[in-house]
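If you're wondering where the values come from, they're calculated on a predicted model, not measured in any experiment.
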Amino acid sequence: MHQQIRTSPGSVGGNVSRAVEALARRGVNVEGVGPDYESPHVRIVVPHDAAEDAIKALEGIPDFTPEVMPACTFALAHRPGQLDVVLQRVAHAGFDVQSVLVLASRYRGMTLVSVGLDREPSSTECDALGCVEEPEGWIGGDLEGSAAS
């Protein structure tokens, strides 16, 4: 299951700035960041193995109360309408979308999108929605020597 971290309470821009600065100081790479649909919260995606360090870094910011939030990641072709299809599928399955974060994909022709949800989907729901587990190397990193061509 993919997750996002939600933070607040200042302005969206201020929250993003303070969060990414704290994560950088702690050496945590940010894979995606953007506003939560409930302003001024922001959502942040970090590598799974850095989640604990990310929470500690964000807890160190005065007035921040980071929360781990459920999300599904989708691999979408670079074609108009792909995101709309996913968002309709998610809504039809009874989920409320709370955020949409585009993640840096290392594969040309594909975009990874993390969709924040109002509740944790079961493994059956994840399969039905088409959520993907990110294979190693899909997100971020140095493009030198990657599978992108």
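- Qualifying side-chain contact (heavy atoms from CB on, under 4.5 Å) partners for Ala19, counting only residues two or more places apart in sequence or in other chains: Ile44, Leu58, Phe64.
- Considering CG of Asp84 and CG of Leu76, their distance stands at 11.0 Å, rounded to 0.5 Å.
- Every salt bridge (Lys or Arg N to Asp or Glu O under 4.0 Å) that Asp53 has, sequence neighbours left out, goes to Arg26.
- Of all non-hydrogen atoms in Ser114 and Val45, the two that sit nearest each other are OG-CG2, 3.9 Å.
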Could you give the side-chain donor-acceptor pairs of residues 90-98 under 3.5 Å, partners two or more places apart or in another chain?
| unit_1 | atom_1 | unit_2 | atom_2 | d |
| --- | --- | --- | --- | --- |
| Gln98 | OE1 | Arg43 | NH2 | 2.8 |

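- The two residues Val46 and Ala54 have their closest heavy-atom pair at CG2-CB, 3.9 Å.
- With contacts defined as side-chain heavy-atom distances shorter than 4.5 Å, the pair Leu87/Val100 qualifies.
- The shortest side-chain heavy-atom distance between Val86 and Val113 does not fall under the 4.5 Å cut-off.
- His78 is listed as a side-chain neighbour of Thr111, based on a closest heavy-atom distance under 4.5 Å.
- Scored by the side chain to side chain donor-acceptor pair (under 3.5 Å) test, Arg89 finds no partners at all (sequence neighbours excluded).
- Taking all atoms of both residues into account, the shortest heavy-atom contact from Cys72 to Cys126 is SG-SG, 4.1 Å.
- Listed by first then second residue, pairs satisfying side chain to side chain donor-acceptor pair (under 3.5 Å) with a partner in residues 54-71 read Arg6-Glu67, Glu52-Lys56, not counting sequence neighbours.
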request  = Would you please test Arg119 and Glu125 for side-chain contact (heavy atoms from CB on, under 4.5 Å) and show each step?
outcome  = CA-CA 11 Å; Arg119 64 181 171 83; Glu125 289 173 314; 3.3 Å; yes
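- Of all heavy-atom pairs between Leu103 and Gly32, the closest is CD2-CA, 3.7 Å.
- Under the 4.5 Å side-chain contact rule for hydrophobic residues, Val68 and Leu23 share a cluster.
- Taking Glu21 as the reference, Arg25 meet the side chain to side chain donor-acceptor pair (under 3.5 Å) condition, with sequence neighbours excluded.
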I'd like to know whether Leu83 forms a side-chain contact (heavy atoms from CB on, under 4.5 Å) with Phe74, so could you lay out the CA-CA distance, the side-chain angles of the two residues, the decisive distance to 0.1 Å, and finally the verdict.
CA-CA 9 Å; Leu83 180 58; Phe74 299 90; over 6 Å; no
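- The shortest non-hydrogen separation linking Asn15 to Pro40 is ND2-O, 2.8 Å.
- Residues Val33 and Leu101 fail the side-chain proximity criterion, which asks for heavy atoms closer than 4.5 Å.
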